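Whatever order the structure lists ligands and atoms in, that order sets their numbers, starting from 1. These numbers were taken from a predicted model, which means no experiment stands behind them.
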Amino acid sequence: MASAAELNTKHGIAGVAEVVDGNGGLAKVAVTTSAASGEMYLQGGTVTSWKPAGADEVIFVSSKTKWDPACAIRGGVPVCFPWFGAKTGAQAGDKSAPAHGFVRARAWQLESIARRGELVVVNMFIENDEGTRKLWPASFRLTQRATFGAEMGMELVMTNSGDVPLRYEAALHTYFRVGDVNQVRVRGLDGVHYIDKVDSNRVKPQSGEVVITGETDRVYLNTAGTVELEDPAMRRRIHIAKENSLATVVWNPWAAKAKAMSDLGDDEWQRFVCVETCNVGDYAVTLSPSAQHSMKVIYSLALV
Ligand code: TA6
C-alpha cells in the first residue's frame, strides 16, 4: 500500500487537501478550506471530522479509538457493508463474521481528491479480494464520495462487478457530537414504525420526537424522510437529508453498554448520538450484474 507521502504527491492539493499520517500512523486526507475543515481516513473510508467555518466539530470520535488497521474506528462515519449488525442471508449465524460487515475495518484506496470552488470532494473505494470473498462470495466495488464544505455530503456508490445479482445491506453509521445526549431531540420520525432492539425487536410506531432516556437502538422502517437532530446544549440543529435510503437508525449505548466498550470512554456516551442513513433488513438492496446503487446524505447546520 502506498505511503501517505506517496499518496500526497499523487493526489494532494497543497494547503487545501493533504494526505498525512493520522492517528496510529493510519493515512488520512486532511481538508482545510474557507468553508470547512474535515478528515477522512483510508481505514474503512471513514470520515472522522467535519467542522464548518465558525462552528464546532460536528462528528464524534472516541478518545479510546484503537487506531488499529484490523479494527473499525470508534466514531466518525463507519461504513457498514455488506451486512448490518450480525451477518444475514445465506451465511446467517456465521459467528466468525464481523458485525456490520467487513469494509469498515479494512484499508480502502484513495481514488481522487478534487477541489470545486470552496468544496473538496474525496473519493475512496474498496473492491473485493481473496479475503473479502471468503466472507462474502461477491465481486463489487464500493466508493465513498465525501464532499466537504459549508454542508457535508456523502454518497455511497455500490457497483456489482460480478455476473450474478447481489443483495446487501449498507449504512453510514454516523456519530454526531452533541453537548448532552439527555437533551437531544430527533425530529422527523413521528408516526414511523421502528424495530426496538432494546425491547425484543418489537415493532412500534414513533410518537412525536425521539428523545434519549436510556439505551436506545431503533431501526426506523420505510422512511425516506429528512430528520433533524436538535442539540440544545450546543445550541444547534443538524439537518440530515437523504436519498435512496429507506431506513434510519438511532442509537446511543447509554452508560452500562458504554462501560463495556473498551474503545469508548466511560462518560463519552453522553457526547454523541448515532443517526444512521441505511438500507437494511427488508430494505436491503438487490443489485443486478453491472448495476450501480447510490445512497446519499447531506448534513447542514443551523445555529439556534
Ligand atoms: O447502529 C446501532 C448498532 O447496530 C447497535 O446495535 C450497536 O451494536 C452499534 O451498532 C455499534 O456496533 P459496533 O459493532 O460498532 O460496536
Pair Arg106, Gln43: side-chain N/O donor-acceptor within cut-off below 3.5 Å: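 Note: Arg106 and Gln43 side chains miss the donor-acceptor criterion.
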
Taking atom 3 (C) of ligand 1 as the reference point, the nearest protein heavy atom with its distance: His100 NE2, 3.7 Å

Which residue and heavy atom of the protein sit nearest atom 11 (C) of ligand 1, plus the separation: Trp251 CH2, 3.7 Å

Ligand 1 versus Glu276: contacting region, heavy-atom distance under 4.0 Å: side chain

Contact list for residues 254-279, test salt bridge (charged side-chain N to carboxylate O under 4.0 Å, His left out), sequence neighbours left out: Arg74-Asp263, Glu215-Lys257, Lys259-Asp266

Close side-chain approach of Val219 and Tyr194, heavy atoms under 4.5 Å: no

Salt-bridge contact Glu155-Arg145 (side-chain N to carboxylate O under 4.0 Å):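 Salt bridge between Glu155 and Arg145, a charged N being under 4.0 Å from a carboxylate O: yes.
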
Carboxylate-amine/guanidinium proximity below 4.0 Å for Arg202 and Asp196: no

Per atom 14 (O) of ligand 1, closest listed option by heavy atom (Arg74, Arg104, Glu215):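 Minimum heavy-atom distance to atom 14 (O) of ligand 1 goes to Arg104.
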
Using a 4.0 Å cut-off to any heavy atom of [X], which atoms of ligand 1 qualify?
X      : result
Asp217 : 2 (C), 5 (C), 6 (O)
Lys197 : 4 (O), 6 (O)
Val249 : 1 (O)

Cation-pi geometry met for Arg177 and Phe272 (6.0 Å, 45°):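 No.
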
